[in-house]
Amino acid sequence: MENAYSYLFIRKDLTGPQQIVQGAHAALEAGHRFGEHSHLICFGIDSQDDLLQTAAYLDRHGIEFQMFYEPDYDTGYTAICTQPLRGDQRKPMRRFSLLKEQTAA
């Protein structure tokens, strides 16, 4: 069987430690929801508005996902993790950029 890949979208306007924690929350919740092992690919999303637009894009492409809302801070929705995808299901993900380390200017 072909490998499965889940796509994790994390807001880049959070601090590095917050990105790690929020991404982990979304991935854990998606793992419980979808119940399947998959490889994980991380994308950076600029803001909560962009995250919500990403959710709408995933909906339009019939891709299930789990959004994480951070209740403890005033940060709102912080991350999304998709269902495991295979083959042609992965094509809509080509438009996104991988999460990269932020460097000081």
Side-chain angles (χ1 to χ4, degrees):
M1 179 175 255
E2 191 173 353
N3 287 333
Y5 295 85
S6 291
Y7 293 84
L8 180 63
F9 298 87
I10 304 169
R11 284 178 36 195
K12 295 187 297 184
D13 61 339
L14 302 173
T15 66
Q18 285 177 319
Q19 289 177 4
I20 293 167
V21 171
Q22 301 308 309
H25 279 307
L28 284 170
E29 286 189 4
H32 288 294
R33 178 175 173 188
F34 301 116
E36 180 181 352
H37 172 78
S38 63
H39 298 277
L40 191 64
I41 298 172
C42 297
F43 293 132
I45 299 296
D46 289 330
S47 66
Q48 178 173 249
D49 287 341
D50 291 334
L51 192 70
L52 295 172
Q53 289 176 14
T54 299
Y57 176 83
L58 295 172
D59 271 337
R60 285 193 305 275
H61 286 85
I63 297 170
E64 292 186 52
F65 58 90
Q66 182 67 44
M67 274 185 103
F68 185 74
Y69 183 87
E70 177 51 69
D72 295 334
Y73 305 101
D74 190 25
T75 51
Y77 288 102
T78 57
I80 294 173
C81 190
T82 70
Q83 70 184 90
L85 303 174
R86 291 181 174 81
D88 287 344
Q89 292 177 306
R90 298 176 60 203
K91 285 182 180 178
M93 300 301 120
R94 291 179 181 167
R95 71 178 291 187
F96 297 102
S97 298
L98 292 174
L99 180 64
K100 296 182 181 176
E101 181 179 357
Q102 296 177 12
T103 56

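The figures here come from the full heavy-atom set of this structure, side chains too, leaving out hydrogens, waters and symmetry mates. Just so you know, residue 1 is the first one in the sequence shown, and it goes up from there.
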- Could you walk me through whether Asn3 and His37 pass side-chain contact (heavy atoms from CB on, under 4.5 Å), step by step? CA-CA 9 Å; Asn3 287 333; His37 172 78; over 6 Å; no
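- For CG of Asp72, the number of neighbouring non-hydrogen atoms (other residues, nucleotides, ligands) closer than 6.0 Å is greater than 12.
- Counting heavy atoms from C-beta on, the side chains of Tyr7 and Arg90 come closer than 4.5 Å.
- The side-chain tip of Arg11 does not point at the ring of Tyr77 from less than 6.0 angstrom away and within 45° of straight on.
- Of all the heavy atoms in Gln48 and Asp13, the pair that sits closest is N-OD2, 4.5 Å.
- Between Ala26 and Cys81, the shortest heavy-atom contact is O-CB, 3.6 Å.
- By the 4.5 Å heavy-atom criterion applied to side chains, Thr15 and Gln19 are not counted as neighbours.
- Contact of the Pro92 side chain with the Tyr57 side chain is registered, since non-hydrogen atoms from C-beta on lie closer than 4.5 Å.
- Note on Leu52: it clusters hydrophobically with Ile63, by side-chain heavy-atom contacts below 4.5 Å among ILVMFWY residues.
- Classification of Glu36 and Arg86 as a salt-bridged pair holds, one side-chain N sitting under 4.0 Å from a carboxylate O.
- Atom CZ of Phe65 and atom CZ of Phe9 lie 9.5 Å apart (nearest 0.5 Å).
- If you take CD on Gln66 and CD1 on Ile80, they are separated by 10.0 Å, rounding to the nearest 0.5 Å.
- In terms of hydrophobic clustering, with Ile, Leu, Val, Met, Phe, Trp and Tyr side chains grouped at heavy-atom distances under 4.5 Å, Phe43 and Leu8 are assigned to different clusters.
- Distance check: Met67 CE to Thr78 OG1 gives 8.5 Å after rounding to the nearest 0.5 Å.
- Note: Gln22 CD to Leu14 CG = 6.5 Å, rounded to the nearest 0.5 Å.
- Between atom NE2 of residue His61 and atom CG of residue Leu85 there is a gap of 11.5 Å, rounded to the nearest 0.5 Å.
- One distance of note links OG1 of Thr54 with CD1 of Ile45; it measures 3.5 Å at 0.5 Å rounding.
- Note on Leu99 and Ile41: separate hydrophobic clusters, where clusters join Ile, Leu, Val, Met, Phe, Trp and Tyr whose side-chain heavy atoms are under 4.5 Å apart, directly or indirectly.
- Under a 3.5 Å cut-off, the side chain of Thr82 and the backbone N or O of Ser6 do not form any donor-acceptor pair.
- Under the 4.5 Å side-chain heavy-atom criterion for grouping Ile, Leu, Val, Met, Phe, Trp and Tyr, Phe96 is not connected to Leu40 through any hydrophobic cluster.
- In this structure a side-chain-to-backbone donor-acceptor pair under 3.5 Å is missing from Glu64 to Gln83.
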